Amino acid sequence: MIEKNYQPADIESRMSLVWEDARAFRAGRPDRRDARPFTIVIPPPNVTGSLHMGHALNNTLQDVLCRFERMRGRDVLWQPGTDHAGIATQMVVERQLMERQLPSRRDMGREKFLERVWQWKEESGGTIVNQLKRLGASCDWSRERFTMDEGLSRAVVKVFVQLYREGLIYKDKRLVNWDPKLLTAISDLEVQQIEVKGNLWYLRYPIEGKTFSPEDTSSFIVVATTRPETMLGDTGVAVNPEDERYKHLIGKHVILPLVGRRIPIVGDDYSDPEKGSGAVKVTPAHDFNDFEVGKRHNLLQINVFDQEGAMALVGNEDYLRGLPEGADEFAAELNNVDRFAARKEIVARLENFGFLEKIEPNTHMVPHGDRSGVVIEPYLTDQWYVDAHTLAQPAIAAVRSGRTQFVPENWSKTYFEWMENIQPWCISRQLWWGHQIPAWYGPDGKVFVAETEEEAVSHALGYYVEQEVITVEQGREMALDRNKRAGFIKRDEDVLDTWFSSALWPFSTLGWPDDTPEVKRYYPTDALVTGFDIIFFWVARMMMMGLHFMKEAPFSTVYIHRLVRDEKGAKMSKSKGNVIDPLGVIDEFGADALRFALARGAAQGHDIKLSPQMVETNRNFATKLWNACRFAEMNDCVAPEGFDATNAKDTLNRWIAHETVRATREVSEALEAYRFNDASNAIYRFVWNVYCDWYLELAKPMLTGEEGAAKDETRAMVAWARDEILKLLHPFMPFITEELWEVTARRETLLALSPWSRKPSAVTAEEIALMSAANPNEPMLPPVLLDVAPPDFTDEVAEAEIGWVVDLVTAIRSVRAEMNIAPATLTALVLAGASTETKARLPRWNDVIKRMARLSDISFADRAPEGAVQLLVRGEVAALPLKGVIDLAAEKTRLDKEIAKADADIKRVDAKLGNEKFVANAPEEIVEEEKEKREAAVARREKIIEALKRLQEVNA
RNA sequence: GGGCGGUUAGCUCAGCGGUAGAGCACUGGUUUUACACACCAUUGGUCGGGAGUUCGAUCCUCUCACCGCCCACCA
């Protein structure tokens, strides 16, 4: 028995357990051994994460695809797992240490700290996984992976070592984006350019050999900068060689104010005469452009900051070299002063000595760390890089050739744009939590990269023995004893960018580098479903790594969805307070309702606007379905074994078979094209506006009528269509459909079925062949497997007949409402001048029409009776004799309006047909259509005029 | 500065060359035996502005306006 009320919370918690017990989501089920695989890897959420609306959307869409394909008979692997999220996780644990007033990370030491992180991961890392289960995600949870798992870590090391040996990973000393708060390098992608209101400071740099005076413009050159504090590291001034103002100064030197360093004026195209003063200070160690300029002119690179962005001047040999007397004192005063405080201090001093010409307000983009939020410092360090340019080429080709497709296709442009201008990828991070780089250094800094410590050490020791740095004996001892070699060979302390391991996700999760059956069967994957914000971070890098190591692109389709916003279109954010917690709405309205709301909103290329009210609307839809199923149950509707819907005798039943097949086709076509909104809206419409509003209502007289073949057939058909609905809807609303399926049908789980088949979809190709052979002439819904299109059953006759009933009932209801006829008042209906077809139809629908249109009686007559309202339904007059009830004047107005409408139609068509060019140029069928339209309008007009005459006759 | 979207009923969006559509909201009515989380019936739009191509444009082209996003080293 179906419960009276739909209570999602009860159903959903129970169903989760049922699925888990049945291990229903396992890939490689024995009955799917011969089936084609369908693979999706989950975008692994951060272990630190908890489910937000973006996750809810992303995973709903993946689940829809997975359940859909599973029902079509594919062997589905939805690979779940989580990401170790280097920086984020390390930050969480550090914050926790601070809150609990425990020793800091550095006090604790690397080993202890990592233990602590692992402990945290064991305790809290499962949160998001459980939340995904509440959403109904049908991942193969038995295969859950973590990017720092032993297996995945092996993949990371293997990839690193191989790329290193191929020369695609290398170490380089250059400027990186340095985060002075997190004390690590970050990649370009982790830098956010944020508009900041700042200043442009115009500084006077005295020219060597002249006596500096603010009044004497020939005694200095003005440079403009947004970062005056970096002047301490200036090693040149650049002017444009074409710039008449400064040309003569090229080759001369300036004396850096405050510092006293003698630096050259160089000519370089980089200097833009239009910008600032036209002369630019060059700080190769603290600016990406200046770094390049410096290289071109052999300028010194002087780093004046420490890791935390404070001035590091005392003991800084690069800085102090060649400076005059007193430089020490100045250095000591500014030493350890933070960059922003130093800026103020330096500007003040420059001003004091007349070196500051002016200050202009200036709004410009300033790089910020996306995790720390602090201003990023270009910083000269040794880091590891991936030669992304080389790896990008096959990845570009794969999308160009269509082997991997973006949906919507537009995103491929974004992808190309980035890939074609890709920069070396900085992969080393000065963190502890992550995959430690498998590189070891000898005492001279020589690097040894290997998959294991043993291998690296033996290479290294062999090398140093050969170089006679150590003796054979020493080498042997150090090889055997870690402690003995501790000071001699050291491992690189850095870890890899989290995205490095994520890039391997589509194959590392399958067991690579081992040659596992899973790798063979499930790689490459089919679809990747993700947000546009990580195309560069993740999609592009998976493409590069997948193609390089597996020789095949990791997925054939990349479906890119957009953002979930609030109902006004604003981005959800904590500060705005407009965040909708998915778990909150799941508690209130159910996961099914949330999923359906998200799917219905997921139009390609559009952000999804969501409000709790939208979720409520979809909960109401679930309730509607629930009640329809209760109705079927109360009427003992059961589809007998072997029931063939397409063989139904009754017109209404043939009609719903027709409509059901059509809906099935719509849904599957939409899903195949990743049009989640079209698919879900098609089901919505079909369930509510076709099945409930018309089919069940039209079937009621039959269901309450006399026993017999027709009633049996109708009961079977009600159940059949209901089952088809449950199957169609299952990918979107898995909980309620599974519940209703089990309660009403008491059959095996929906998960086992193909939506177009009565049989479990595990039937083999041979069985299909057998079944078809057995009934070669029988029109049947063939069991559909894999990608075979749904059946093409239609019944235009039934459609026309039911269409007539629907139109008639609607027209009568409409006029009754218009005339304010109380629902309790039953009226008579006279079909005037009905065709033989109508006369034949009526007996089949008499009861239904009477019931739905609230009629006392239906009869035929040659013409409409006196004082009747006359309706035109599909070209025939339906009259409601309402003498005394109707307002004749109002009725006349109504008919006049209809005539006017018909006239307008005729006029429009005439205008077209009267246009010679139209008749000459438009396709024949269009012209023909117009002619038919005209005829129809003329016929309609005549009928209404007749009706109007009749009305006036009576009136007179 | 470069690139990509968007602008259609009050809201969210379909439609993308042949007379404007859906859902929700609104309004009026209904204790009709599955469902008031419901039913029935309505109201509502010179398809952002302008120009062009075409027999015909919401749909194609150009242009302008506004909104949003992404990328970029501009002192």
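First the proteins, then the strands, lettered A, B, ... as listed; each starts at 1. Since this is a predicted model, take the numbers as computed values, not measurements.
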What residues 225-235 of chain A contributes to the RNA chain B interface at heavy-atom separation below 4.0 Å is A:Thr225, A:Thr226

Atom pair distance, as rounded to whole Å: CG in A:Leu913 and C1' in B:G18: 12 Å

Using 30° and 60° as the class limits, which term best fits the ring planes of A:Tyr684 and A:Phe621: parallel, tilted or perpendicular? parallel

Using a cutoff of under 3.5 Å, can you pull out all pairs of nitrogen or oxygen atoms linking the protein to nucleotides 33-37 of chain B, with atom names and distances?
{"unit_1": "B:A34", "atom_1": "O2'", "unit_2": "A:Asn627", "atom_2": "OD1", "d": "3.3"}
{"unit_1": "B:A34", "atom_1": "O2'", "unit_2": "A:Arg630", "atom_2": "NH1", "d": "3.2"}
{"unit_1": "B:A34", "atom_1": "N7", "unit_2": "A:Lys700", "atom_2": "NZ", "d": "3.3"}
{"unit_1": "B:A34", "atom_1": "N6", "unit_2": "A:Glu697", "atom_2": "OE2", "d": "3.0"}
{"unit_1": "B:A34", "atom_1": "N3", "unit_2": "A:Asn627", "atom_2": "O", "d": "3.1"}
{"unit_1": "B:A34", "atom_1": "N3", "unit_2": "A:Ala628", "atom_2": "N", "d": "3.3"}
{"unit_1": "B:C35", "atom_1": "O4'", "unit_2": "A:Asn627", "atom_2": "ND2", "d": "3.4"}
{"unit_1": "B:C35", "atom_1": "O2'", "unit_2": "A:Asn627", "atom_2": "ND2", "d": "3.2"}
{"unit_1": "B:C35", "atom_1": "O2", "unit_2": "A:Lys624", "atom_2": "NZ", "d": "2.9"}
{"unit_1": "B:C35", "atom_1": "N3", "unit_2": "A:Lys624", "atom_2": "NZ", "d": "2.9"}
{"unit_1": "B:C37", "atom_1": "O4'", "unit_2": "A:Asn620", "atom_2": "OD1", "d": "3.1"}
{"unit_1": "B:C37", "atom_1": "O2", "unit_2": "A:Arg619", "atom_2": "NE", "d": "2.8"}
{"unit_1": "B:C37", "atom_1": "O2", "unit_2": "A:Asn620", "atom_2": "OD1", "d": "3.3"}
{"unit_1": "B:C37", "atom_1": "O2", "unit_2": "A:Thr623", "atom_2": "OG1", "d": "2.4"}

How long is the line joining CZ of A:Phe537 and P of B:C70, in whole Å? 12 Å

Donor-acceptor contact below 3.5 Å, side chain A:Ser271 vs main chain A:Gly278: yes

When you match A:Asn915 and A:Arg562 each to their closest nucleotide on RNA chain B, which lands nearer the 5' end? A:Arg562

Among B:G18, B:C55, B:C69, find the nucleotide with the atom closest to the side chain of A:Pro923. B:G18

Tell me whether A:Arg562 forms a cation-pi arrangement with A:Phe532, defined as NZ or CZ under 6.0 Å from the six-membered ring centre and within 45 degrees of its axis. yes

Answer for the Watson-Crick or wobble partner of B:G48, both distances under 3.5 Å, is B:C64

Reading RNA chain B from 5' onward, which residue's closest nucleotide shows up sooner: A:Thr414 or A:Glu929? A:Glu929

Closest to the A:Pro823 side chain: B:C73, B:G68, B:U30? B:U30

Contact class for A:Glu930 vs. all strands (heavy atom < 4.0 Å): base, sugar-phosphate, or nothing? sugar-phosphate

Roughly, in whole Å, what's the span from CD in A:Gln613 to P in B:C24? 11 Å

Are any protein N/O atoms closer than 3.5 Å to N/O atoms in nucleotides 8-15 of chain B? If there are, list each pair with its distance.
{"unit_1": "B:C13", "atom_1": "OP1", "unit_2": "A:Asp607", "atom_2": "O", "d": "3.4"}
{"unit_1": "B:C13", "atom_1": "OP2", "unit_2": "A:Lys609", "atom_2": "NZ", "d": "2.8"}
{"unit_1": "B:A14", "atom_1": "OP1", "unit_2": "A:His606", "atom_2": "NE2", "d": "2.3"}
{"unit_1": "B:A14", "atom_1": "OP2", "unit_2": "A:His606", "atom_2": "NE2", "d": "3.0"}

Whole angstrom value for the distance that separates C1' of B:A75 from OH of A:Tyr270: 5 Å

Has A:Arg595 got its NZ or CZ under 6.0 Å from the middle of the six-membered ring of A:Phe732, at an angle within 45 degrees of the ring axis? no

A:Tyr379 and A:Trp178: aromatic ring centres closer than 6.0 Å? yes

If I pick the C1' atom on B:G5 and the same atom on B:G44, what distance separates them, to the nearest angstrom? 29 Å

Tell me whether the OP1 or OP2 atom of B:C40 has a side-chain N or O from A:Ser814 closer than 4.0 Å. no

Measure from NZ or CZ of A:Lys700 to the centre of the six-membered ring of A:Phe631 and say whether it is under 6.0 Å with the direction within 45° of the ring axis. yes

Atom-to-atom span, CG of A:Leu703 to P of B:U32 - whole angstrom: 20 Å

A:Glu229 and side-chain hydrogen bond (donor to acceptor under 3.5 Å, both in side chains): which single residue from A:Arg343, A:His286, A:Arg339 fits? A:Arg343

A:Leu563 CG to B:G5 C1', straight-line distance once rounded to whole Å: 14 Å

Centroid-centroid distance, A:Trp411 to A:Tyr415, less than 6.0 Å: no

Could you check how far CG of A:Leu625 sits from C1' of B:A38, rounded to whole Å? 15 Å

Using whole Å, report how far CG of A:Asn289 lies from P of B:C73. 8 Å

Check whether the side chains of A:Asn681 and A:Arg600 place a donor and an acceptor atom closer than 3.5 Å, and report yes or no. yes

Qualifying residue, where the test is salt bridge (Lys or Arg N to Asp or Glu O under 4.0 Å) with A:Asp905 and the options are A:Arg941, A:Arg940, A:Lys912: A:Arg940

Need one value for A:Arg816: base, sugar-phosphate or nothing, where a base atom within 4.0 Å counts as base even if backbone is also close, heavy atoms only. nothing

Are A:Tyr559 and A:Tyr674 near enough that their ring centres are under 6.0 Å apart? yes

Can you tell me if A:Tyr684 touches the phosphate of B:C24, counting only side-chain N or O atoms and a distance under 4.0 Å to OP1 or OP2? yes

Examine the side chains of A:Asp234 and A:Tyr205 and answer whether a donor and an acceptor come within less than 3.5 Å of each other. yes

